[in-house]
Amino acid sequence: MWQMTRFTRWAALTAAAALLTAGCSGGGPSKDDAGEDDKASGAVAIDWGHCEATEDGPAPGDEWRCATLEVPLDWSKPDGETIDLALIRAEATGDDRIGSLLFNFGGPGGSGVSTLPAYADTAADLRERYDLVSWDPRGTGASGGVRCRDDKAIEAAESSVDWTPDTPAEERVFLEDAADFGKGCQKAAGKLMAHVSTTDTARDMDRIRQALGDDRMHYFGISYGTELGGVYAHLFPEKVGRMTLDAVVDPTADAIGHAKNQTRGFQTALDNYLRSTGRDPEQGSREIADMLDRVDAEPLPTSSSGRELTQSLAIIGIVLPLYSEASWPALTSALDAAQDGDGTELLALADGYNERDASGGYGTTTHAQRVISCLDDKQRPTVEETKKLLPEFEKLSPVFGPFLGWDTAGWCHDWPVPGQFETPEVSAPGAEPILVVGNTGDPATPYEGARRMADELGEGVGVVLTWKGEGHGAYGSGSDCVDSTVNAYLLEGTVPQDGKVCS
């Protein structure tokens with residue numbers, strides 16, 4: 001069966017966006033262990049060795065080293081059963097080394113081991129003084145990565161599950177699919193299912209810091225990685241070093257609030273895209289929504305081995321190129337083809353988002369994403385509650401509103417484990433200044449989240465840097481102002497004035 005997806009990923013999307021331009025939390029626990037003595041924790045040094053190829057790609061170059069680190073399965077039982085986390089590192093190139101810089105590229109569910117080597121050119125200036133380090137968070141990649149369905153079942157359901165159900169029969173299939181997915185995750189994850197929360201991973205981060213031999217956590221979090229960074233700062237404020245949060249998740253929003261934020265964000269990005277083509281955003285959005293209605297009634301043919309473009313896949317195909325302004329021409333071509341009755345290009349874009357390769361194999365980022373977020377989120381809207389919200393979602397966006405509105409009912413429907421919190425706790429009194437970077441054109445994590453994150457971190461802690469740009473994330477996206485400001489902060493400790501704007 002098919003799986004729904006929330007649009008908060010980053011890591012997998014960067015690779016997909018590159019292909020397009022080339023060719024086409026946790027808040028429940030208190031700071032009870034914030035002052036834990038590193039030596040008493042039992043942390044051990046990491047034994048780095050040669051990196052092997054991963055499920056997502058070939059082995060990286062010789063400058064990369066990989067390792068595993070043992071951490072408790074259940075942090076409330078630190079001496080109990082353990083799991084292994086996969087890590088990757090490239091040592092600093094300069095002599096004036098600061099320490100390690102730990103990266104999380106978002107998701108939740110993205111593999112840091114696979115993504116960091118691809119990101120190394122972007123972070124080349126940072127590598128002069130930092131060892132670049134990342135890891136596969138628990139439940140992802142080589143750290144007990146969860147696969148809830150096999151490839152054949154995923155593809156078979158592309159045409160059988162309507163993510164915006166219009167009839168009682170479609171609603172029944174929609175909910176049965178959601179429940180079935182959760183059962184598959186539980187079977188695959190076993191004991192790990194209840195121990196993959198953002199809080200669990202934040203505690204893993206501190207164990208990684210200790211094993212790396214760093215007194216402070218120097219960190220770069222992107223997309224969901226910003227929520228993870230905020231939760232870490234709450235749990236371990238006195239261990240925060242130089243921390244940058246880019247493409248910021250709003251920590252004040254619950255599950256429905258996030259869905260509304262993303263509906264606004266993607267509609268804003270679509271409006272900006274339509275303006276760039278000389279079209280009126282309202283009229284252009286209505287034309288796209290009408291096309292999606294036609295596809296809902298009759299899927300479009302494609303040249304991809306008899307596969308059809310469903311409405312759900314068409315929406316995913318529209319979403320992907322909105323993550324990067326450089327991919328907007330691919331969106332124009334795909335929309336024009338779809339309006340002419342050919343779904344091939346939109347299907348290819350959807351496949352890029354869903355990590356589907358030419359042989360029909362699918363990645364598992366969305367599997368881990370759902371396992372982690374449904375353990376985090378306590379909110380479980382019913383179908384009746386969702387139906388009352390749909391008019392508001394549709395008013396926010398005729399294109400994305402119905403999809404993201406229905407997602408609130410299906411994402412964690414009948415989930416096997418309860419959620420842990422309504423919103424993550426990220427307050428970090430006493431922490432060093434944390435640089436919070438917001439992009440006014442960000443579709444997946446709208447700009448307003450940056451200011452809210454800074455406010456929640458606390459006075460004197462959260463410092464906002466604004467970029468008036470497009471796409472998901474700001475650093476490395478073409479702004480010399482953003483890059484130089486972030487570099488000065490991470491490399492020299494220069495904290496910019498709160499509210500600085502790069503245009």
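Starting from 1, each residue takes its place in the sequence as its number.
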Query raised in the report: Do W64 and L116 touch side chain to side chain, with heavy atoms closer than 4.5 Å?
Result: yes

Query raised in the report: Would a 4.5 Å heavy-atom cut-off, applied to side chains only, mark V426 and M453 as touching?
Result: yes

Report task. Compare all side-chain heavy atoms of F400 with those of D407 and state whether any distance is below 4.5 angstrom. Result -> no

**Report entry** Side chain proximity check, V249 to H258, heavy atoms < 4.5 angstrom
**Finding:** yes

**Report entry** Check against salt bridge (Lys or Arg N to Asp or Glu O under 4.0 Å), R451 and D498
**Finding:** CA-CA 10 Å; R451 184 71 267 171; D498 185 27; 3.5 Å; yes

Report summary line: Distance col, row C185:SG vs L375:CG, nearest 0.5 angstrom, shows 12.0 Å

Query raised in the report: Would a 4.5 Å heavy-atom cut-off, applied to side chains only, mark L396 and L404 as touching?
Result: no

**Report entry** Polar side chain donor-acceptor pair, E456 to T252, under 3.5 angstrom
**Finding:** no

Query raised in the report: Judged by modelled atom types alone, do Y273 and T332 share a side-chain donor-acceptor pair under 3.5 Å?
Result: yes

Query raised in the report: Do you know which two heavy atoms are closest between Q267 and S285, and how far apart they sit?
Result: NE2-OG, 2.9 Å

Query raised in the report: Is there a donor-acceptor pair under 3.5 Å between the side chain of E355 and the backbone N or O of Y362?
Result: no

Query raised in the report: Got a second to check how far D342's CG is from L309's CG, nearest 0.5 Å?
Result: 9.0 Å

Query raised in the report: Taking the six-membered ring for Trp, are F174 and W406 parallel (under 30°), tilted (30 to 60°) or perpendicular (over 60°)?
Result: perpendicular

Can you give me every donor-acceptor pair (side chain of residues 460-471, partner residue at least two apart or in another chain, under 3.5 Å) with its distance?
residue, atom, partner, partner atom, Å
T466, OG1, Y447, OH, 2.6
E470, OE1, N272, ND2, 3.3
E470, OE2, N272, ND2, 3.0

Query raised in the report: Would D271 and R264 pass as an ion pair if we require N to O under 4.0 Å?
Result: no

Query raised in the report: What distance do Y224 atom OH and F105 atom CZ have between them, rounded to the nearest 0.5 Å?
Result: 15.0 Å

Requested in this report: Output the distance between atom CG (D442) and atom OG (S223), rounded to the nearest 0.5 Å.
Outcome: 7.5 Å

Query raised in the report: Would F181 and H367 count as a close aromatic pair, with their ring centres under 6.0 Å?
Result: yes

Requested in this report: Kindly say whether S427 contributes a backbone atom to a donor-acceptor pair with the side chain of H234 at under 3.5 angstrom?
Outcome: yes

Query - Positive for salt bridge (Lys or Arg N to Asp or Glu O under 4.0 Å) with D177, one of R149, R172, K183 - result: R149

Report task. Without swapping roles, check the side chain of D357 against the backbone of S359 for a donor-acceptor pair under 3.5 Å. Result -> yes

Report summary line: Interatomic distance, CG@D290 vs CZ@R294, rounded to 0.5 Å, equals 6.5 Å

Query - Donor-acceptor pair, side chain of Y130 and main chain of L102, under 3.5 angstrom - result: no

Requested in this report: Using distance alone, with no hydrogens and no angle criterion, decide if Q420 and T199 have a side-chain donor and acceptor under 3.5 Å apart.
Outcome: no

Query - Step-by-step side chain to side chain contact (heavy atoms under 4.5 Å, CB included) determination, Q369 to W411 - result: CA-CA 11 Å; Q369 179 186 26; W411 183 254; 3.9 Å; yes

Query raised in the report: Heavy-atom count around D340 CG within 6.0 Å, excluding the residue itself: above 12?
Result: yes

Query raised in the report: Is there a side-chain contact between L322 and V319, using heavy atoms and a 4.5 Å cut-off?
Result: no

Query raised in the report: Is there a side chain to side chain contact (heavy atoms under 4.5 Å, CB included) between D246 and V482 once you walk through the steps?
Result: CA-CA 11 Å; D246 185 10; V482 169; 6.0 Å; no

Report summary line: One should read off an interatomic distance between L300 CG and L347 CG, to the nearest 0.5 angstrom, of 10.0 Å

**Report entry** Minimum side-chain heavy-atom gap V173-D162 below 4.5 Å
**Finding:** no

Query raised in the report: If you look at every heavy atom in T344 and T302, which pair is closest and at what distance?
Result: OG1-CA, 3.4 Å

**Report entry** Chi angles and distances behind the side chain to side chain contact (heavy atoms under 4.5 Å, CB included) call for T445, D250
**Finding:** CA-CA 7 Å; T445 52; D250 180 358; over 6 Å; no

Report summary line: For E345 and A330 the tightest heavy-atom approach is OE1-O, 4.5 Å

Query raised in the report: Are there more than 12 heavy atoms of other residues, nucleotides or ligands under 6.0 Å from atom CD of E282?
Result: no

**Report entry** Shortest non-hydrogen contact between S312 and V161, atoms and distance
**Finding:** OG-O, 4.0 Å

**Report entry** Distance-only polar pair, side chains of T408 and T386, donor-acceptor under 3.5 Å
**Finding:** yes

**Report entry** Side-chain H-bond candidate by donor/acceptor type, T310 with E308, under 3.5 Å
**Finding:** no

Requested in this report: Write down the atom of A247, the atom of T226, and the distance for their closest heavy-atom approach.
Outcome: O-CG2, 3.7 Å

Query raised in the report: Looking just at side-chain N and O atoms, do S111 and D136 make a donor-acceptor pair shorter than 3.5 Å?
Result: yes

Query raised in the report: Taking the side chain from D254 and the backbone from T423, do they hold a donor-acceptor pair closer than 3.5 Å?
Result: no

Requested in this report: Go through the steps for L490 and H218 under the test side chain to side chain contact (heavy atoms under 4.5 Å, CB included), then give the verdict.
Outcome: CA-CA 8 Å; L490 289 174; H218 304 303; 5.9 Å; no

Requested in this report: Could you tell me whether a side-chain N or O of S304 sits under 3.5 Å from a main-chain N or O of R307, the two making a donor and an acceptor?
Outcome: no

Report task. Just say parallel, tilted or perpendicular for the rings of Y119 and Y475, cut-offs at 30° and 60°. Result -> tilted

Query raised in the report: Do D280 and R286 meet the salt-bridge criterion of a basic N to acidic O distance under 4.0 Å?
Result: no

Query raised in the report: Is any side-chain heavy atom of S327 less than 4.5 Å from a side-chain heavy atom of L320?
Result: no

Query raised in the report: Looking at I316 and A350, what are the two nearest heavy atoms and their distance?
Result: CG2-CA, 3.8 Å

